[in-house]
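Quick notes on the structure that follows.
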Amino acid sequence: GCFDEFNRISVEVLSVVAVQVKTIQDAIRAKKKRFNFLGEEISLNPSVGIFITMNPGYAGRAELPENIKALFRPCAMVVPDYGQICEIMLVSEGFLE
């Protein structure tokens with residue numbers, strides 16, 4: 001699943017989420033078919049992915065606690081340069097000027 005604006009969640013809730021995400025990741029690493037999640041035995045889809053998005057620096061956004069930061073890999077995103085993209089597309093079609 002993908003969780004948008006993850007850093008808008010309160011720090012208390014993020015700590016609980018960190019424990020739950022770690023439980024899922026540990027089950028994936030152990031290649032389990034079933035695992036205990038919140039007191040219930042459930043099936044595990046080994047191709048599951050957990051993704052989060054954040055917009056740091058805006059009002060109302062919190063820093064992620066270290067225990068949840070450790071569970072995810074960061075990936076920076078930038079606004080694309082549409083002018084450069086268009087130029088490359090035109091040159092690739094044979095336009096020179």
Side-chain angles (χ1 to χ4, degrees):
C2 184
F3 301 92
D4 193 22
E5 298 276 342
F6 201 70
N7 56 332
R8 292 184 72 184
I9 300 171
S10 71
V11 174
E12 296 80 18
V13 173
L14 287 174
S15 292
V16 173
V17 171
V19 173
Q20 295 170 345
V21 168
K22 183 159 180 12
T23 301
I24 295 167
Q25 289 179 341
D26 289 345
I28 293 169
R29 281 188 198 97
K31 298 186 183 337
K32 293 185 176 183
K33 300 247 186 263
R34 298 183 64 73
F35 72 108
N36 186 334
F37 186 74
L38 301 176
E40 187 175 335
E41 188 81 12
I42 62 171
S43 297
L44 175 66
N45 178 345
S47 65
V48 70
I50 303 170
F51 305 92
I52 62 174
T53 66
M54 298 178 10
N55 291 309
Y58 289 96
R61 286 3 183 245
E63 271 295 311
L64 290 183
E66 290 301 319
N67 64 341
I68 197 128
K69 275 185 191 176
L71 300 175
F72 293 94
R73 273 186 242 146
C75 175
M77 305 293 284
V78 296
V79 176
D81 182 342
Y82 293 112
Q84 186 178 23
I85 291 170
C86 290
E87 182 181 343
I88 291 168
M89 289 175 69
L90 289 169
V91 169
S92 70
E93 292 293 329
F95 292 91
L96 301 176
E97 292 293 321

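Count residues from 1 along the sequence. Small disclaimer: the values here were computed from a predicted structure and weren't measured.
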Taken in chain and number order and not counting sequence neighbours, the residues that satisfy salt bridge (charged side-chain N to carboxylate O under 4.0 Å, His left out) with Arg34 are none
Grab the two heavy atoms, one from Gly39 and one from Asn36, that are nearest each other, plus how far apart they are.
N-OD1, 3.0 Å
Closest non-hydrogen atom pair, Thr53 against Cys2:
CG2-SG, 4.1 Å
If you count heavy atoms of other groups shown closer than 6.0 angstrom to NZ of Lys69, is the number above 12?
yes
Hydrophobic cluster of Ile9, others only, ordered by chain and residue number, side-chain cut-off 4.5 Å
Phe3, Phe6, Val13, Leu14, Val17, Val21, Ile24, Ile28, Phe35, Phe37, Leu38, Ile42, Leu44, Val48, Ile50, Ile52, Met54, Leu64, Ile68, Leu71, Phe72
Counterpart residues, side chain to side chain contact (heavy atoms under 4.5 Å, CB included), relative to Ile88 (two or more places apart):
Gln84
Spacing of OG belonging to Ser92 relative to CD belonging to Glu87, to within rounding of 0.5 Å
11.0 Å
Is there side-chain contact between Gln20 and Val16, with at least one heavy-atom pair below 4.5 Å?
yes
